[in-house]
Amino acid sequence: MDIKVVVITGAGSGLGASLAKKYSELGAHVCLLGRTKSKLDQTAETLTQSHSIYEVDVTSKSEVAKVMQSIKEAVGPVDLLINNAGVGAFDLSENIGEESVHNMIDINLKGTIFCTQEVLPDMKQRNQGLIVNVVSTAGVEGKVNETVYCASKFGVRGFTESLAIELRDTEIRVLGAYMGGMKSPFWDGIYEPEQTKHLMDPDDVADIIIENTKPRASLSVTEVIIKNKI
């Protein structure tokens, strides 16, 4: 499949920005989705090919539907959707506030579902497409101070695995990417820079994801787990 249109949520920084730059270098039109236009503009400055920017709240199904329709009308159907938007709040379970619980479930899980729902009809009609769900190793194993974050990510894992089964008789592929911590603004206000210097580089993780989404004869990669060397 020739990937011409790529949609990336959470494209304003970190892994989303790295993936955007690399897919642009591969010649794709990259649609940058996120909540903060100034961050999306910064990512856009690194792109070498045509691109577009869409401010969107992925927790709003109506907003997501409107943006996906705008993308289709402007540049055509989506070939690759990367559900990358995510937030985290880390503390003992009883200390995590209600707003933080809602944010993690709504953005991490519902946002992934809503964006996927909007691209699936066209992908099914064309019988082609690729969906990458950026999950985290928090969707593979439980972790201290990450109870609700893990709950949201285990939900994304269940959605990803079930979606792959639903689509197994089609040419639409689904990849779950489960990585450990990366050097990114995700940790701002949570850890000091000294505490994140050993974490993975988002560019390296982006390379691994892209490599595992390449079409290959007689095989399909459905998940990749990337861990820190510590």
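Counting begins at 1 with the first residue of the sequence.
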May I have the step-by-step check of side-chain contact (heavy atoms from CB on, under 4.5 Å) for Val78 and Ile71, ending in yes or no?
CA-CA 8 Å; Val78 176; Ile71 291 171; 4.2 Å; yes
side-chain contact (heavy atoms from CB on, under 4.5 Å) evaluation trace for Leu120 with Leu163:
CA-CA 10 Å; Leu120 274 176; Leu163 182 64; 3.9 Å; yes
Checking side-chain contact (heavy atoms from CB on, under 4.5 Å) for the pair Ile8/Val30: CA distance, chi angles, key distance, verdict?
CA-CA 7 Å; Ile8 305 173; Val30 180; 4.0 Å; yes
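Glu98 CD: 12 or fewer foreign heavy atoms inside a 6.0 Å radius. The environment of Gln125 atom CD is sparse: at most 12 non-hydrogen atoms of other residues, nucleotides or ligands sit within 6.0 angstrom. Few gaps surround NZ on Lys143; more than 12 heavy atoms of other groups in view lie less than 6.0 Å from it.
What you find for Val87 and Met104 is that their closest heavy atoms are O-CG, 3.7 Å. In terms of heavy atoms, His51 sits closest to Ala44 at NE2-CB, 3.5 Å. When all heavy atoms of Val5 and Cys31 are compared, the closest pair comes out as CG1-SG, 4.2 Å. In this structure, Val64 and Cys115 approach most closely via the heavy-atom pair CG1-CA, 3.8 Å. Between Asn83 and Gly111, the shortest heavy-atom contact is OD1-O, 4.3 Å. For Ala17 against Thr43, the heavy-atom pair with the smallest separation is CB-OG1, 3.6 Å.
Residues Leu47 and Leu32 have side chains in contact (heavy-atom distance under 4.5 Å, counting atoms from C-beta outward). Counting heavy atoms from C-beta outward, Arg35 and Ile107 have side chains that approach closer than 4.5 Å. Residues Val119 and Val7 fail the side-chain proximity criterion, which asks for heavy atoms closer than 4.5 Å. Using a 4.5 Å heavy-atom cutoff, the side chains of Leu26 and Ile3 are not in contact. At a threshold of 4.5 Å between non-hydrogen side-chain atoms, the residues Ile210 and Tyr23 count as touching. The closest side-chain heavy-atom distance from Met200 to Ile208 is not below 4.5 Å. Between Val56 and Met68 the shortest side-chain heavy-atom distance does not fall below 4.5 Å. Counting heavy atoms from C-beta on, the side chains of Lys124 and Leu167 come closer than 4.5 Å.
Atoms CG and CG, from Leu130 and Leu80 in turn, are 5.0 Å apart once rounded to the nearest 0.5 Å. Here CG of Asn108 is found 9.0 Å from CG of Asn103. Values are rounded to the nearest 0.5 Å. Atom OG1 of residue Thr9 and atom CD1 of residue Ile82 lie 8.5 Å apart, to the nearest 0.5 angstrom. Here the straight-line distance linking atom CD1 of Ile131 with atom OG1 of Thr213 works out to 13.0 Å at 0.5 Å rounding. Here the straight-line distance linking atom OG of Ser93 with atom CD of Glu146 works out to 12.0 Å at 0.5 Å rounding. Annotation: the span from Thr59 atom OG1 to Phe114 atom CZ amounts to 7.5 Å, rounded to 0.5 Å.
In the model, Thr160 has a side-chain atom that pairs as donor or acceptor with a side-chain atom of Asn133 under 3.5 Å.
Of the options Val134, Ile225, Thr137, a side-chain contact (heavy atoms from CB on, under 4.5 Å) to Met179 is made by Val134 and by none of the others.
Counting only distance, with no hydrogens or angles, the side chain of Lys153 and the backbone of Val135 share a donor-acceptor pair below 3.5 Å. Proximity of a side-chain donor or acceptor of Ser152 to a complementary backbone N or O of Leu109 within less than 3.5 Å is not detected. Between the side chain of Asn84 and the main chain of Ala11, no donor-acceptor pair closer than 3.5 Å is present. When atom types are taken as modelled, the side chain of Asp91 and the backbone of Asn145 share no donor-acceptor pair closer than 3.5 angstrom.
Taking the charged nitrogens against the carboxylate oxygens, Glu118 and Lys66 have no contact shorter than 4.0 Å, which rules out a salt bridge. Comment: Glu171 does not engage Arg126 in a salt bridge, judged by the lack of any side-chain N to carboxylate O separation of less than 4.0 angstrom.
Following chains of ILVMFWY side-chain contacts shorter than 4.5 Å, one cannot reach Val156 starting from Phe154, and the two form parts of different hydrophobic clusters.
Residue pairs that meet the salt bridge (charged side-chain N to carboxylate O under 4.0 Å, His left out) test with at least one member in residues 9-33, sequence neighbours left out, are Lys21-Glu25, Lys22-Asp207.
Remark: Thr36 pairs with Ser38, Lys39 by the side chain to side chain contact (heavy atoms under 4.5 Å, CB included) rule, at least two apart or across chains.
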